[in-house]
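Working notes, structure below.
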Amino acid sequence: MDPLQVIYDRAPIPLQHAMTTLSGYQRNRSRYGRTYWQHREWLADFDGWSLAEKLEHQAAELRDFIRYATEHSPYYRRLYSTTDLDEVRTPENLGLLPIIEKEELRTNASDIYTVSRRWAVEGHTGGTTGKSLVVLMTRDDMMKRMAMLDHFKARVGFEHRKMRRATFSGKHIVPPGQNRSVFWRYNHACRQMLYSTFDLTESNLCHYIRSLNDFKPNAIDGFFTSMVDVANYIERHDIKLQFSPVAIFPTSETVTPSGRETLERVFRSKVYDQYASSEGAPFVTQCRYGSMHVELASGVFEQLNGTDNEILVTSFTTHGTPLIRYRIGDSMVIGEPTECRCGIQSPLVRSIEGRRDDYLFRSDGAKINAGNVANLFKNMPNSLVKAQLIQESMGDVTILLVVDEARYRPDDDALLLKEARHKFGATTRITIRHVDDIPRERSGKHRLIKNSLAARSDG
Ligand SMILES: [Zn+2]
C-alpha cells in the first residue's frame, strides 16, 4: 500500500483535509499547464468547424499518430513492419492494421511504452475483466485530456476550479475504523468536496446530505450508482435541498434511464454523460440537447464487425502508450453524423453499454460498486490476467485470480488482502484463490462481480 496512505490513515481529520488539498495541488501541476490552456482555446474553436473540416483534421492526426507510434514504440514498429503505412490515410483504411487485444497490451507493455516511467503520468486500470494494466501518459496528453473534459463541462455551464464541485470518489478518504461521521474531505485546489463511496449506509446518508447542503456544490460528479443512492435517500426522507447544481456528471458506470430520471428530479438539474476511460480512450460527451457526440479531436472509434457492437479505439492522447485499434471491451452503437441542435457537427452515439451495474456488499450493508471493485487491482502492474469477485453470503467475499506467473510477486496476495480490507472493512472475510481459468458467462462475457445476494434482491 502507498506509504502516504498509511500516514493519512493515522492522521487527525483536519490534517487529512490538508493532505487532500496538498495532493490536489500536486496533481494540478501535471494537469493545468500551458498545453491545457492552449488546448481549451483550440477546442472551443474546433466546435465551430464544419464536419468535413473536422474529419480532415482527424485523418491528419491519425496519420501523425501512427507515424509517431512506429517511430517511438518497438512493439508497433515490429507489428507494422510488413504494412505499407502510406495506404492508411483515413479512419476508413484502419482495417489494414491489426487489432490490439487487451492481453497483448498487458504482456507487451514495456515494448509499447514510448516514455520512461519517470517522465510519465501513470494511469492504472482494473477494468471490467480485472486485468491489471498500467498505461503511461505524457504530460501533454494528460493536459489535453483534462482540457477535453473541462471543455465538455464548460459547454453546459460548469467551469472547473472556479465553481464548487462535489465528487463521489473511489479514493479511500475515510480510514477503516474512523468513529466520527465525517465521510468527506476537502480538496481546496479544485474547490472540490470528495465524498467517500464506501460508507453510503442507511445510517450514514443523513450526514452526507447535511454536508452537501452546507457545501452547496455547483456540480456533482463521480460514481453514478452512489449519486443515485444519495438521491433515493433524499426522496424517501423528503429532505429539502438548499442548492441546485448546474450539472451532474457521472463517470465510469452505465447511466440507466431510471437513475438519470431520479437524479434530475431530486437535484433539479441535468445529467450529462460521458465516455472516456483510464486507459486513455477517446471521448464521447453529451450535449445540452441530450445527444452523445463523438469528440473527433480525441481519436477514432470503429465498430467491430461480428460482435455485440464492440468498439475499437484509436486515441490521440496516448503518446506514452499508443492505442491503435485497441479492443477496449466496451460496446456502443455509433450513428451517422448529423447536425445537432447544439450546433456541433459530429457522429452521434446511439447507445453505450459499459460497465455493468454490479456491486458487492460490505458486512454493514454498504454497496461497493463495480468501479471501486475494479480499483482493487490498480496497484498490481500488468500481473493479473483475470479476476472475479464472488459473494454468496453477507460478510464473505472470494477473489478468484488468474495471474501471470512471471510477473506476480509472492507478497501480492498480502497486498491485495490489505486493499480489500480497506474497501470491505475488517469484518468481511476475504478469501483469495488462485485458479487456472475463470469461465465466461453463457453470453460469452467475462464478469468481474458475481453477487448472488444482489441477484436475489433484484428478482
Ligand atoms: Zn449536440
Side-chain angles (χ1 to χ4, degrees), residues 39-59 61-62 91 144-160 162-163 165 218-222 224 227 244-265 267-277 281-303 309 311 313-317 328 330-354:
H39 202 55
R40 281 281 309 257
E41 210 171 300
W42 183 83
L43 284 168
D45 186 54
F46 187 74
D47 276 354
W49 293 18
S50 72
L51 182 68
E53 288 169 326
K54 284 180 180 170
L55 291 174
E56 200 176 311
H57 173 83
Q58 186 195 36
E61 284 272 305
L62 178 65
K144 283 188 172 174
R145 294 187 72 77
M146 286 301 132
M148 180 78 252
L149 270 180
D150 290 350
H151 176 62
F152 146 63
K153 293 177 178 178
R155 279 183 194 140
V156 296
F158 179 79
E159 193 48 62
H160 184 42
K162 289 204 182 109
M163 296 165 100
R165 170 181 172 204
N218 303 110
I220 308 177
D221 59 35
F224 178 70
M227 298 193 279
S244 167
V246 297
I248 301 169
F249 302 112
T251 53
S252 29
E253 290 176 301
T254 306
V255 171
T256 61
S258 69
R260 175 193 289 269
E261 246 176 61
T262 304
L263 289 178
E264 295 190 339
R265 186 175 60 238
F267 291 109
R268 289 161 296 156
S269 182
K270 272 195 88 163
V271 170
Y272 299 99
D273 198 7
Q274 54 167 290
Y275 172 85
S277 83
F283 293 84
V284 175
T285 62
Q286 191 162 38
C287 73
R288 55 171 78 246
Y289 294 98
S291 305
M292 298 292 294
H293 288 269
V294 170
E295 297 285 0
L296 291 169
S298 67
V300 179
F301 289 94
E302 294 172 82
Q303 204 101 53
N309 299 320
I311 49 160
V313 298
T314 298
S315 176
F316 301 153
T317 50
I328 195 160
D330 295 323
S331 300
M332 58 175 81
V333 179
I334 304 168
E336 288 303 307
T338 29
E339 180 114 34
C340 176
R341 274 194 292 162
C342 72
I344 293 171
Q345 298 190 21
S346 80
L348 300 182
V349 171
R350 288 205 293 267
S351 73
I352 300 179
E353 303 148 42

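Remember, it's 1-based here, ligands and their atoms both numbered in the order they're listed. In what follows, residues are counted from 1 in the order of the sequence shown.
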**Request:** Show your reasoning for whether side chain to side chain contact (heavy atoms under 4.5 Å, CB included) applies to F158 and R165.
**Result:** CA-CA 9 Å; F158 179 79; R165 170 181 172 204; 3.9 Å; yes
**Request:** Mind checking side chain to side chain contact (heavy atoms under 4.5 Å, CB included) for T262 and listing every partner two or more places apart, or none if nothing turns up?
**Result:**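 Scan of T262 (side chain to side chain contact (heavy atoms under 4.5 Å, CB included), adjacent residues dropped) gives A231, N232, E235, R265, V266.
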**Which residues share a side chain to side chain contact (heavy atoms under 4.5 Å, CB included) with L55, sequence neighbours left out** =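 Only L51, Q58, L296 meet the side chain to side chain contact (heavy atoms under 4.5 Å, CB included) criterion with L55.
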**Item:** Pi-cation contact, F46 with K54 (under 6.0 Å, within 45°)
**Value:**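 Yes, a cation-pi geometry holds between K54 and F46.
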**Asked** So what's near the Zn ion (ligand 1), protein N, O or S atoms under 2.8 Å?
**Response**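 Listed by chain and number: C287 SG, H293 NE2, C340 SG, C342 SG.
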**Asked** How many angstroms lie between CD1 in I248 and CZ in F267, if you round to the nearest 0.5 Å?
**Response**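 Rounded to the nearest 0.5 Å, the CD1-CZ separation comes out at 6.0 Å.
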**Asked** Sequence neighbours excluded, which residues qualify as salt bridge (charged side-chain N to carboxylate O under 4.0 Å, His left out) partners of D47?
**Response**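 Checked D47 against salt bridge (charged side-chain N to carboxylate O under 4.0 Å, His left out); matches are R155.
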